[in-house]
Amino acid sequence: MIKYYLKKPARSKMKEEIKEKIVEQISKEIPEVEKIKDRIKIEIPKEDKFGDIALNVAFLLAKPLKKKPVEIAGQIKEILEKMEDFSKVEVAGAGFINLFLSRSYYASVLKRILEEKDRYGAAKELNRGRINVEFVSANPTGPLHLGHGRGAVVGNVQSNLYQYIGYKVEREFYINDAGNQIKKLGESVYARFRQIEDPTYPFPEDGYHGEYIKEIAEHLHRYEREKLLSMVDEKQAIDFCAEFAKELLLERIKNDLKEFGVEFDIWFSEKKLYTSGKVDEAIQFLREKGLIYEKDGAVWVKTTMYGDDKDRVIIKSDGTYTYFAGDIAYHYDKFKRGYDFIVNVWGADHHGYFPRLRAAVMAFGVPEDWIRVIFIQLVKLFRNGQEVKMSKRSGSFVTLKELIEEVGKDAVIYFFLTKDSNTHLNFDIDLALKKSSENPVYYVQYAHARICSVFRETKERTGFDPEQDFTADIQLLKEETERVLMKYLSFIPDLIADAAEKQQPHKLTQITYQLASEFHYYYNNFKFITPDDENLMKARLYLLKAIREALRTLFRLMGITPVERM
RNA sequence: GUCCCCGUAGCUCAGAAGGAUAGAGCGCGAGAUUCCUAAUCUCGAGGUCGGCGGUUCAAAUCCGCCCGGGGACACCA
């Protein structure tokens with residue numbers, strides 16, 4: 001699937017700040033550095049022996065200076081060694097410059113984390129722009145299934161991420177309450193209603209088979225039997241069933257999402273688009289721009305003007321609107337609301353639909369990347385190593401609600417975020433239920449609970465309560481593991497911002513897992529409760545407290561519970 | 001036919017938008033508990049990054065061609 005994200009690479013704050021400083025120093029002796037400035041990469045090496053930050057500057061200067069990268073690196077090393085942000089500067093490999101951050105730098109990082117708490121690194125003000133994220137948008141014709149759940153998590157977490165980097169986000173659910181699906185819903189419910197008294201009453205061929213349809217029919221039979229049977233016109237009865245079922249199912253959807261921690265600011269009704277004349281308004285707008293014409297008795301829009309393969313019909317020859325017409329009107333409405341950009345979270349099966357919608361939207365006069373789409377691939381459920389086959393048509397499928405009831409909200413969210421939304425996801429129910437390190441959800445939650453446990457134990461044993469505000473001397477944290485932890489903590493805002501800008505919320509699970517893993521290692525190799533060395537104890541607890549806040553920041557973004565006791 | 005996505009360890013997948021010896025989890029093999037939670041950790045084996053060219057100091061990553069898998073191309077919603 002195509003990845004539609006911001007074309008500009010992430011400009012993370014910390015890396016940019018460091019880069020500016022470094023370039024400033026180098027340019028004093030090597031002015032050529034200004035020319036290759038944009039290509040300088042501030043990298044966080046995978047291996048700690050390569051330092052906290054790696055620079056590729058020497059490679060970039062090789063050509064203009066006509067010297068070997070290693071020689072240039074040596075020269076730059078001497079310049080950077082004078083800067084106090086770095087405790088050590090090394091030249092390695094063919095010309096990498098590895099920088100080691102100093103303890104005083106880390107002290108400021110930890111302090112900042114404890115001040116910002118579970119909003120570590122988050123934008124203080126939502127002044128970067130106002131955007132709209134539309135997701136789930138399930139037809140109110142049945143319960144939410146796993147695909148919707150994945151879309152809900154991805155849409156919600158991506159919204160959180162946008163807020164983290166400073167956007168004001170409006171979450172929107174588009175209710176497909178017009179058209180054939182709702183009609184089928186009404187027919188299905190009505191047929192089940194009639195079958196209660198007359199089992200031979202025909203069920204519509206492509207109707208909805210789920211048990212919930214029967215339940216609704218039974219409810220109607222109990223409370224609205226006379227009313228429905230007295231309707232002379234069957235169509236009227238079907239409409240009544242449709243309306244009743246739709247409202248009920250929509251309520252259920254809302255409740256399921258709420259329990260899942262997902263809430264919307266706007267519930268937008270498709271039906272209202274038509275009744276309020278917004279479709280005609282949008283078509284009129286396009287007509288004035290000369291993008292509308294008639295052919296073969298239908299009305300077409302010239303989407304080819306904006307990169308679509310072919311023009312598209314918006315009013316069929318029978319006079320009714322196509323679904324596309326509704327979508328154009330819907331997006332015209334969003335356009336008029338004045339967002340800086342909008343994001344749509346769609347099932348991957350709508351992939352081919354994107355160019356045409358983008359074309360229509362571009363006709364409104366917005367740039368190409370004003371509309372962005374995140375595609376959600378299929379979720380397959382596995383139990384006992386076997387795929388749990390799902391079919392909505394036959395009515396045999398596991399709903400989102402059932403899955404949450406079985407494995408818990410946190411596991412569902414976490415598992416939905418383990419892979420790029422763009423790739424197929426295998427959901428292993430057995431793994432999600434395991435209470436061991438194999439289960440990543442337990443693993444990360446346990447890290448948090450463990451820190452809480454250490455704090456409780458500290459208070460118990462020493463009388464010192466780490467939950468209170470206190471200060472510590474970070475210089476005492478001399479272990480390699482501690483340095484690695486502080487380094488990782490310092491880069492977390494960059495990593496989150498990166499995930500936000502690339503629209504890859506699944507990176508949050510990776511960031512979280514890595515932090516948890518590093519902490520577990522620390523726990524297993526060092527003692528934190530050391531009353532005979534109170535200063536060291538406080539320094540370590542101070543670090544633990546920062547780790548806990550960073551975990552909480554990540555949990556908060558994902559919507560996962562920071563469990564204090566397990 | 002046109003277009004899009006994918007191909008990395010036995011399996012599931014990462015790979016900080018071109019960097020150092022390609023990583024993790026599971027699985028496999030070997031170990032650790034008088035201990036703040038073993039719901040944890042340590043070590044090891046395992047690779048032609050689908051193939052062939054190209055771009056450059058440097059390619060799993062960018063470009064071209066080929067092979068294999070999946071998907072999209074409605075006056076459906």
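Values reported hereafter were calculated over all heavy atoms of this structure, with side chains retained and with hydrogens, waters and symmetry mates removed. All chains are named by letter (A, B, ...) in the order of the sequence lines, taking the proteins before the strands, and each is independently numbered beginning at 1.
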Nearest-Å distance once atom [atom1] is located in both [N] and [M]:
| N | M | atom1 | answer |
| --- | --- | --- | --- |
| B:U33 | B:G69 | C1' | 48 Å |
| B:C4 | B:C52 | P | 24 Å |
| B:U12 | B:G1 | P | 29 Å |
| B:C5 | B:U42 | P | 39 Å |
| B:U48 | B:C67 | C1' | 16 Å |
| B:G19 | B:A58 | P | 14 Å |
| B:A24 | B:C76 | C1' | 43 Å |
| B:G53 | B:A59 | P | 14 Å |

Selected nucleotide, minimal atom distance to [X] side chain, candidates [options]:
| X | options | value |
| --- | --- | --- |
| A:N139 | B:C36, B:C57, B:A77 | B:A77 |
| A:K435 | B:G19, B:A39, B:A20 | B:A39 |
| A:E457 | B:A20, B:C36, B:A77 | B:C36 |
| A:R312 | B:C75, B:C36, B:A74 | B:A74 |
| A:Y513 | B:C36, B:G19, B:A24 | B:A24 |
| A:K527 | B:C35, B:A20, B:G25 | B:C35 |
| A:D420 | B:A14, B:G19, B:G27 | B:A14 |
| A:Q181 | B:A77, B:A20, B:G19 | B:A77 |
| A:A54 | B:C41, B:C36, B:A20 | B:A20 |
| A:H520 | B:A39, B:C75, B:C41 | B:C41 |

Within less than 4.0 Å of OP1 or OP2 of [N], is there a side-chain N or O belonging to [X]?
| X | N | result |
| --- | --- | --- |
| A:K507 | B:G15 | yes |
| A:K316 | B:A77 | yes |
| A:Y523 | B:A38 | yes |
| A:K310 | B:A74 | yes |
| A:R450 | B:C41 | no |

Whole-Å distance separating the [atom1] atom of [X] from the [atom2] atom of [N]:
| X | N | atom1 | atom2 | answer |
| --- | --- | --- | --- | --- |
| A:I376 | B:G71 | CD1 | P | 18 Å |
| A:L433 | B:A39 | CG | P | 18 Å |
| A:D428 | B:G25 | CG | P | 17 Å |
| A:Y353 | B:G71 | OH | C1' | 18 Å |
| A:I328 | B:A77 | CD1 | P | 13 Å |
| A:E90 | B:A20 | CD | C1' | 13 Å |
| A:I511 | B:A14 | CD1 | C1' | 13 Å |
| A:I451 | B:A39 | CD1 | C1' | 15 Å |

**Item:** Any side-chain heavy-atom pair of A:T509 and A:F416 under 4.5 Å
**Value:** no

**Message:** Could you check whether any side-chain heavy atom of A:Q445 comes within less than 4.5 Å of a side-chain heavy atom of A:Y414, counting everything from C-beta outward?
**Reply:** no

Report the base-pairing partner of [N] (Watson-Crick or G-U wobble, both distances below 3.5 angstrom), or none.
| N | value |
| --- | --- |
| B:G31 | B:C41 |
| B:C62 | B:G54 |
| B:U12 | B:A24 |
| B:G46 | none |
| B:C36 | none |
| B:G1 | B:C73 |

Have a look at [X] and say if it touches a base, only the backbone sugar-phosphate, or nothing, with a 4.0 Å heavy-atom cut-off.
| X | value |
| --- | --- |
| A:F526 | base |
| A:S317 | base |
| A:Y521 | sugar-phosphate |
| A:A62 | nothing |
| A:D318 | nothing |

**Prompt:** A:Y174 and A:N344: side-chain donor and acceptor closer than 3.5 Å?
**Reply:** no

**Message:** Would you say A:Y321 and A:D280 are linked by a side-chain donor-acceptor pair, where the criterion is simply a distance under 3.5 Å?
**Reply:** yes

**Message:** Using a strict threshold of under 4.0 Å (side-chain N to carboxylate O), is an ion pair present between A:R456 and A:E460?
**Reply:** no

**Basic-acidic side-chain contact under 4.0 Å: A:R548, A:E467** = yes

**Message:** Using 30° and 60° as the class boundaries, would you call the ring planes of A:F375 and A:F354 parallel, tilted or perpendicular?
**Reply:** perpendicular

**Request:** Measure up the A:F528 and A:Y522 rings against each other and bin them: parallel (under 30°), tilted (30 to 60°), perpendicular (over 60°).
**Result:** tilted

**Request:** Return the 5'-most residue of the pair A:D311, A:F455 with respect to RNA chain B, ranking by each residue's nearest nucleotide.
**Result:** A:F455

**Message:** I want to confirm an ordering. Mapping A:K419 and A:I529 to their closest nucleotides on RNA chain B, which one lands closer to the 5' end?
**Reply:** A:K419

**Prompt:** Can A:F96 be called stacked on B:G19 when the rule is centres closer than 5.5 Å and an angle between planes below 30°?
**Reply:** no

**Item:** Interatomic distance, A:R312 atom CZ to A:I328 atom CD1 [nearest 0.5 angstrom]
**Value:** 10.5 Å

**Side-chain donor/acceptor of A:N525 to base of B:A32, under 3.5 Å** = no

